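Not measured: the values here are computed from a predicted model. Letters A, B, ... mirror the listed sequences (proteins, then strands); counts begin at 1.
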2 protein chains.
Amino acid sequence: MLEEREILRKYLSRHNLRVTPQREMILNVFLKREGHVSAEELYDHVRKRYPSIGQATVYRNLKLFSDAGLAREVDFGDGVLRYEHSYNHPHHDHLICRGCGKTVEVVDDVIEELQKRVAEKFGFELTDHAMYLYGKCPDCRRKNKN
Amino acid sequence: MLEEREILRKYLSRHNLRVTPQREMILNVFLKREGHVSAEELYDHVRKRYPSIGQATVYRNLKLFSDAGLAREVDFGDGVLRYEHSYNHPHHDHLICRGCGKTVEVVDDVIEELQKRVAEKFGFELTDHAMYLYGKCPDCRRKNKN
DNA sequence: TTGCTTGCAAAGGATTTGCAACATG
DNA sequence: CATGTTGCAAATCCTTTGCAAGCAA
């Protein structure tokens, strides 16, 4: 977390941007959360300790964190953009339960490689991808049987 | 197209829903379009031949077509939901150019199989997935070189 | 001081919904 | 003639933006 704060500071100074208490507060709260947070959720948490903050500031800074490589946008397709930690948290995809919404992070190197190949087959240079696997988690499968 | 209309009729009667001229008109226009159409785009086209139609009707019926298995929702992540033909148009994923937006439909059976495996590894029963590969198409790669 | 940031409220864009009139089965 | 459907406008939801005041460098 010290490290992340340092990364933010460097990113800011490199881009002629300013270090503000709001930015540092939002980053701290973001880093304490696990998993996937929406701007709205984060706003609620930040507000508890910093009631005067505006939600636009949270939206703006989450975008900034993404640019700085500290956060990554995640889109489960439900109309809300979420953010996950990106620093020290390498690329992965998501397995999402259609029943309860639980998510699991997954990686499969073979799939990654094949994706690159598929793109190349059409002359595309792959830059990134979105892969979301939807299904029923063990708990929800069990419940459905009764 | 005759077949699709038949499918719609059967779906409607099976669900105690009504056949209306709007529904048939929207379906016809949808089927004439290729690729991926947003509700808004389809609305514009339907309106040309049927000026009194409301856009809510187009939104509502595209959802209905999805339920009936005639359309499939496609989400390129740009905030607009698009629809593609689903009947006689088997599952595939998309390769999208970050430069010009061009899309290519792709399928890779090995990837499909591995996705199922990954899900099973976590006890999930895979129901469906979203996979979008983003990159630079041949044309855009060429342009960037100059 | 310069000009990036903030908070507020308003605007935005896509989609949904309430409702009264209407049309289908 | 009961109930699904439509068109309209308003409402919703999430996110972005304009702006004046505030603050970092």
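- For A:Arg18, counting side-chain heavy atoms from C-beta on, the closest listed nucleotide (D:dA24, D:dG7, D:dT15) is D:dA24.
- In plain terms, the two heavy atoms of A:Thr103 and A:His36 that are nearest each other are OG1-CE1, 3.2 Å.
- Between B:Met25 atom CE and D:dT6 atom P there is a gap of 13 Å when expressed in whole angstrom units.
- Judged purely by distance below 3.5 Å, without hydrogens or angles, the side chains of A:Glu6 and A:Tyr11 never pair a donor atom with an acceptor atom.
- Of the residues near DNA chain C, B:Leu17 and A:Gly54, the one whose nearest nucleotide (by heavy atom distance) lies more toward the 5' end is A:Gly54.
- Taking the nucleotide of DNA chain D with the nearest heavy atom to each of B:Ile26 and A:Glu40, the more 5' of the two is matched to B:Ile26.
- Between B:Asp139 and B:Lys102 the shortest side-chain heavy-atom distance falls below 4.5 Å.
- Within the helix from C:dT1-D:dA25 to C:dG25-D:dC1, the inter-axis angle between the opening and closing five-pair segments is 30°, rounded to 10°.
- Against DNA chain D, the stretch residues 56-68 of chain B makes heavy-atom approaches under 4.0 Å through B:Ala56, B:Thr57, B:Arg60, B:Asn61.
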Audit row: A:Leu27, A:Leu70, side-chain contact (heavy atoms from CB on, under 4.5 Å) steps and yes/no:
CA-CA 9 Å; A:Leu27 180 61; A:Leu70 293 167; 4.2 Å; yes
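- Between A:His94 and A:Phe76, the ring planes are perpendicular. Angles over 60° get that label, and only those under 30° would be called parallel.
- Under the 6.0 Å distance and 45° angle rule, A:Arg47 counts as a cation-pi partner of A:Tyr43.
- What separates OH of A:Tyr43 from P of D:dC13 is a distance of 16 Å, to the nearest Å.
- Taking 4.0 Å as the cutoff to heavy atoms of chain A, we find the contact window on DNA chain C bounded by C:dG3 to C:dC8.
- Distance A:Leu42 CG to D:dC14 P: 15 Å, rounded to the nearest Å.
- Sequence order on DNA chain C of the closest nucleotides to A:Asn16 and B:Ser38 puts A:Asn16 first from the 5' end.
- Closest of all the heavy-atom pairs between A:Ser86 and A:Gly69 is OG-O, 3.2 Å.
- Residue B:Gln22 has a polar side-chain atom (N or O) positioned under 4.0 Å from OP1 or OP2 of D:dG7.
- Protein atom CZ of B:Arg14 is 17 Å distant from nucleotide atom C1' of D:dG4, rounded to whole Å.
- Nucleic acid contact class of A:Ser13 (heavy atoms, under 4.0 Å, all strands): none.
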Please walk me through it: do A:Arg9 and A:Glu24 pass salt bridge (Lys or Arg N to Asp or Glu O under 4.0 Å)?
CA-CA 9 Å; A:Arg9 297 211 153 155; A:Glu24 303 216 295; 3.0 Å; yes
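- We find that CG of B:Asp78 is positioned 14 Å from P of D:dT15, with the value rounded to whole Å.
- Ring pair B:Phe30/B:His45: centre-to-centre distance not below 6.0 Å.
- In the hydrophobic clustering (ILVMFWY side chains linked at under 4.5 Å, chained through shared members), B:Val80 stands by itself.
- For residues 65-77 of chain B, every residue pair satisfying the side-chain hydrogen bond (donor to acceptor under 3.5 Å, both in side chains) rule, not counting sequence neighbours, is listed here: B:Lys63-B:Glu73, B:Arg72-B:Glu84, B:Glu73-B:Tyr83.
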Donor-acceptor contacts under 3.5 Å from residues 111-126 of chain A side chains, at least two apart:
from	atom 1	to	atom 2	distance (Å)
A:Glu112	OE1	A:His91	NE2	3.4
A:Glu112	OE2	A:His91	NE2	2.9
A:Gln115	OE1	A:His129	ND1	3.2

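- Computed from coordinates, the B:Leu81 CG to D:dC14 P distance equals 16 Å when rounded to whole Å.
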